[in-house]
Amino acid sequence: METRPEMVALLGSRARNYTLPQPFYTDPEFHELDLKGVFERRWIFAGLECELPVPGQYLVLSIARSSIVVLRDNAGKISAFFNTCRHRGSTICAPGRGKARTLTCPYHQWTYNLEGKLVHAGEMQAEFDRSGIGLKPVALATFEGMVFVCLADDPPDFSEFSATLGPWLTPHNLASAKLAWSEDIVINANWKLVIENSRECYHCAARHPELTRTFFLRFDTRSTDPLVLEHARKCREAGLRTGEAEGVDFELSRMPLTGGALTLSMDGKPVSAKRLGNAPEGEIGSMRWFHFPSMFAHVLGDYAFVFRALPLAVDRTLVTSNWYVSGDAEEGRDYDREKLRELWSITNDQDRDLCERNQEGIRSIGYRPGPYSRLREPHVIKFVEWYADVMTDYLTPAPRRAGIAA
Ligand code: FES
Ligand SMILES: [Fe+2]
């Protein structure tokens, strides 16, 4: 059976509220469809605007099969381009971050300005017209200091997410933050297992002893626990939104911490002496959100943590973790990098192990889809349903409209 009809059939016949059939996690051809149906069509978190403070600063990331460069131009505008030379297709910027006045391809030195226009191509024939050639742009959206990109020519709606999350983030002023630390790990598991794992805390009590010192394990925004109600009241008094909100491809809420913690850290004590944005003093909890297909974040009083998962292969996923602190915080004086990263680095390592064992077990001929807990894994169920809808939409041709001849 061909892969597309097979995926459509399995999406249609799968048991609801159960893990997906094996090929979704293990079949390289299914994975190719995931790249086309999800990662080449949806909005992906690129970074914060503060990571590109001056013209010429750029960052490079790979989404599905495409290397992308995100940069600030001389007018201060942030744009994104495919990092693919218009001569013979070499990548131009090396992976990572950099700063340049122009972007010069290492192969034959074709050179582009920061607006993506070709400004130099040596020894080309007289009739060659470089004016019509430029780097292919990538759709880009910014709000509240965040930068998202979408590889599709006709990106899906982004406004529901940005309009909902924006007001929650305003007091945290992420535009004034700075990137304090970033680290990549590769998890030998399918990207959906990494996301599924990040959408539940069913495993947290047993597997994240450090995180659960401060993380509110069974937080429910409808809770009538006096401590939760008091926390919400204090946050609202300080001008912070509380409760929760959600849309098709995102969820957000403000969550109190536990054990008297002031932040998510190994001992609950702040890891940066400077407040992030206009965050009031005291325990403001975590303003957290998830955006499908690839990112979640926690914004605390003193730092923000952003997690992004991007697929490398059917059974390999790149996880990038970024820690942001106040723009005027100085390393060594206001924060210690080790203390800042410790909790989430430990948690990521624990989750890597869980995801890799999950992948290993699913590879077995003994694997069968298993039931999610509707009590402890409702967000995983939401993710899987979202994924199934997105893929069904991609794989199934739009129905013929009335009046159009068959
Ligand atoms: S491929 Fe870039 S200059 Fe030739
Ligand atoms: Fe975890």
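We count residues from 1, following the sequence as given. From a predicted model like this one, the values you see are computed outputs, not experimental measurements. Ligands are counted one by one from 1 in listed order, and the atoms in each one are counted from 1 as well.
By the 30° and 60° cut-offs, the orientation of the rings of Phe216 relative to Phe219 is perpendicular. Classification of the Phe158-Trp43 ring pair by plane angle, with boundaries at 30° and 60°, yields tilted. Taking the six-membered ring for Trp and thresholds of 30 and 60 degrees, Phe143 and Phe148 have nearly parallel ring planes, at less than 30 degrees apart.
Annotation: protein N, O or S atoms under 2.8 Å of the Fe ion (ligand 2) (waters excluded) comprise His203 NE2, His208 NE2, Asp351 OD1, Asp351 OD2.
Within the structure, salt bridge (Lys or Arg N to Asp or Glu O under 4.0 Å) pairs that include any residue of residues 131-143 comprise Lys136-Asp153 (at least two apart or interchain).
Using modelled atom types, one side-chain atom of Arg254 and one backbone atom of Arg241 make a donor-acceptor pair closer than 3.5 Å.
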Report all side-chain donor-acceptor pairs from residues 300-307 shorter than 3.5 Å, counting only partners two or more places apart or in another chain.
unit_1, atom_1, unit_2, atom_2, d
Asp302, OD1, Thr263, OG1, 2.7
Asp302, OD2, Val271, N, 2.6
Asp302, OD2, Ser272, N, 3.3
Tyr303, OH, Leu264, O, 2.6
Tyr303, OH, Trp344, NE1, 3.0

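No side-chain donor from either of Asn83 and Thr91 sits under 3.5 Å from a side-chain acceptor of the other.
The count of protein N, O or S atoms under 2.8 Å from atom 2 (Fe) of ligand 1 stands at 2, with waters excluded from the count.
Figure legend: cation-pi geometry between Lys192 and Phe24 absent, as NZ or CZ is not positioned both under 6.0 Å from the six-membered ring centre and within 45° of its axis. Geometric assessment of Arg199 against the ring of Phe290 yields a positive cation-pi assignment under the 6.0 Å and 45° thresholds.
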